[in-house]
Amino acid sequence: MRRDEAALLKKLYELLDDGTGWEEWWPADSDFERVVGSILIQRTRWENVDRAIAALNKEGLLTPRALASCPSGRLEELIRPAGFYRQKAARLRAVAGYFSRSGAGSIPTEKLREELLSLPGVGNETADVIMLYVAGRPRFVLDAYAKRILKCAGIMDDHDELQALARKALCDDLEAHRRCHALIVEHGKRYCNKNECEMCLVKRYLG
DNA sequence: CTCCAGGAGTGTA
DNA sequence: TACACTCATGGA
């Protein structure tokens, strides 16, 4: 990390922090429900994901064992509101199978990440979301909003370098990493359009 | 009617 | 490495 981009990232984090509530930013009754959510949320609004999760919950499928053994057709039917339902049904069955025999508790961070990435439908972003919200490992989630905001702030967006940068800026603190992700997404939804950033606070204060 | 949301996988140049 | 394309529902 050349210059002091960690200080800049820390400043960005503090800038986005408006002091409003964020603890229940990702509501869920269990860790596995968050895993399910991490797959269903891909390229989809939370409102639709919530319907799919509610349907799964109603059928008692929010456990790794139950979900892994649910027939594909039935699963597709239940998660349809979340879109891409054929792909996502297959992905859910795969991650459910993994968590039904793994638990992912005491696995070293790097190895856990590798295992998650080996699952179909789990890419860099989803893997980091699971690491951050389920496995309890501090990770910087490089989603589309983060890429735009980092660009505005003049911070590099290399996936691996960014992890070291974030851990330094956020003092290796788990809650800070979770909060940082939530703040970036919420800021992005409000102020970051596809190409324009007219209202962008980041550019105004850090650019 | 059009646009697109808290991606990932695959194929092409 | 850098894009283009596909997957799909539901709300604005």
Side-chain angles (χ1 to χ4, degrees), chain A residues 12-13 16-18 20-28 31-56 72-98 113-135 137-152 156-163 166 175-197 200 202:
Chain A
L12 170 62
Y13 170 70
L16 295 179
D17 184 4
D18 60 356
T20 60
W22 56 277
E23 293 81 1
E24 297 302 319
W25 185 73
W26 190 332
D31 282 343
F32 187 64
E33 185 177 321
R34 287 192 181 80
V35 173
V36 170
S38 74
I39 295 296
L40 294 178
I41 194 59
Q42 293 172 0
R43 223 39 211 180
T44 304
R45 296 175 194 281
W46 183 258
E47 185 182 23
N48 294 345
V49 172
D50 206 35
R51 295 178 183 176
I53 289 180
L56 293 174
S72 299
R74 177 62 177 150
L75 196 48
E76 292 176 3
E77 188 180 334
L78 291 169
I79 68 171
R80 182 165 303 173
F84 303 117
Y85 58 86
R86 292 194 198 93
Q87 296 182 11
K88 287 178 178 176
R91 293 173 180 185
L92 285 179
R93 284 161 56 84
V95 295
Y98 173 77
R113 205 179 129 71
E114 278 182 37
E115 292 184 1
L116 291 173
L117 284 175
S118 73
L119 297 171
V122 179
N124 280 318
E125 183 176 338
T126 303
D128 282 334
V129 165
I130 294 174
M131 299 276 286
L132 184 58
Y133 290 95
V134 177
R137 322 288 170 102
R139 297 287 298 183
F140 184 93
V141 180
L142 187 55
D143 56 23
Y145 289 131
K147 288 175 185 172
R148 294 178 205 170
I149 294 172
L150 289 175
K151 190 174 182 180
C152 283
M156 58 78 185
D157 65 344
D158 176 79
H159 188 86
D160 294 323
E161 302 265 350
L162 205 47
Q163 300 307 322
E175 289 305 317
H177 279 72
R178 288 177 174 168
R179 183 169 170 72
C180 183
H181 174 229
L183 289 169
I184 286 174
V185 172
E186 289 307 310
H187 174 84
K189 286 201 283 195
R190 279 183 208 287
Y191 303 114
C192 302
N193 294 320
K194 192 150 192 168
N195 298 313
E196 285 296 326
C197 262
C200 191
V202 176

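Note on naming: letters A, B, ... go to the chains in the order of the sequence lines (proteins, then strands), and numbering restarts at 1 for each one. Just so it is clear, the structure is predicted and the values come from calculations on it, not from any experiment.
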message: If I take atom CG in residue A:Asp50 and atom P in nucleotide B:dG6, what distance separates them, rounded to the nearest angstrom?
response: 14 Å

query: With a 4.5 Å limit on heavy-atom distance, are the side chains of A:Trp46 and A:Trp26 in contact?
result: yes

- request: Would you mind reporting whether A:Trp25 and A:Val185 have side-chain heavy atoms less than 4.5 Å apart?
  value: yes

message: Any donor-acceptor pair under 3.5 Å linking the side-chain atoms of A:Asn124 with those of A:Arg113?
response: yes

Interatomic distance, A:Asp143 CG vs B:dA5 C1' [rounded to whole Å]: 12 Å

Rounded interatomic separation in angstrom, taking CG from A:Leu142 and P from B:dA8: 10 Å

- line: Between A:Asn48 and A:Ala127, whichever has its closest DNA chain B nucleotide further toward 5' is A:Asn48

query: Within a strict 4.5 Å, meaning less than it, do heavy atoms of the A:Leu40 and A:Leu92 side chains meet?
result: yes

task: State, without any angle test, whether A:Asp128 and A:His159 hold a side-chain donor-acceptor pair at a distance under 3.5 Å.
output: yes

- prompt: Taking A:Lys151 for the side chain and A:Asp157 for the main chain, is one N or O donor matched with an acceptor at less than 3.5 Å?
  reply: no

- request: Identify whether any heavy atom of A:Gln87 sits under 4.0 Å from a base atom; if not, whether one sits that close to sugar-phosphate; answer base, sugar-phosphate or nothing.
  value: base

message: Nearest whole Å is fine: how far is B:dG7 P from A:Gln42 CD?
response: 8 Å

- request: Assign A:Tyr85 to base, sugar-phosphate, or nothing according to its heavy-atom contacts below 4.0 angstrom with the strands shown.
  value: sugar-phosphate

query: Roughly how many Å is it from CG in A:Leu119 to P in B:dG9, rounded to a whole number?
result: 10 Å

task: On DNA chain C, reading 5' to 3', which nucleotide is the first and which the last to sit with an atom under 4.0 Å from a heavy atom of chain A, could you check?
output: C:dC7 to C:dG11

- line: 5'-most contact on DNA chain B (nearest-nucleotide basis), A:Pro27 vs A:Leu117, goes to A:Pro27

- request: Identify whether any heavy atom of A:Lys189 sits under 4.0 Å from a base atom; if not, whether one sits that close to sugar-phosphate; answer base, sugar-phosphate or nothing.
  value: base

- prompt: Taking CG from A:Leu183 and P from B:dG6, how many angstroms apart are they, rounded to a whole number?
  reply: 15 Å

- prompt: NA contact type, A:Arg45, heavy-atom cut-off 4.0 Å: base, sugar-phosphate, or nothing?
  reply: base

message: Suppose you measure atom C1' in B:dG6 against the same atom in C:dA2; what distance do you get, rounded to whole Å?
response: 24 Å

Pairwise C1' distance, C:dT6 and B:dC4 [rounded to whole Å]: 15 Å

message: Without decimals, in angstroms, what is the distance between A:Arg43 CZ and B:dC4 P?
response: 9 Å

task: For A:Thr44 and for A:Glu47, locate the closest nucleotide of DNA chain C by heavy-atom distance; then report the residue assigned to the nucleotide nearer the 5' terminus.
output: A:Thr44

task: Of all the heavy-atom pairs spanning A:Gly121 and A:Gln42, show the shortest one and how long it is.
output: O-NE2, 2.9 Å

task: Using a 4.0 Å heavy-atom cut-off across all strands, classify A:Val122 as base, sugar-phosphate, or nothing.
output: sugar-phosphate

- request: Please determine, for B:dT10, whether a Watson-Crick or G-U wobble partner exists with both distances under 3.5 Å, and give it or none.
  value: C:dA4

- prompt: Between A:Ser38 and A:Ile41, which heavy-atom pair has the shortest distance, and what is it?
  reply: O-CG2, 3.4 Å

message: Can you tell me if A:Trp25 is stacked onto the base of B:dG6, using a 5.5 Å centroid cut-off and an angle below 30°?
response: yes

task: Please work out if A:Leu132 contacts a base, only the sugar-phosphate, or nothing of the nucleic acid, heavy-atom cut-off 4.0 Å.
output: nothing

Length of the line joining A:Arg91:CZ and B:dA8:P, which is rounded to integer Å: 8 Å

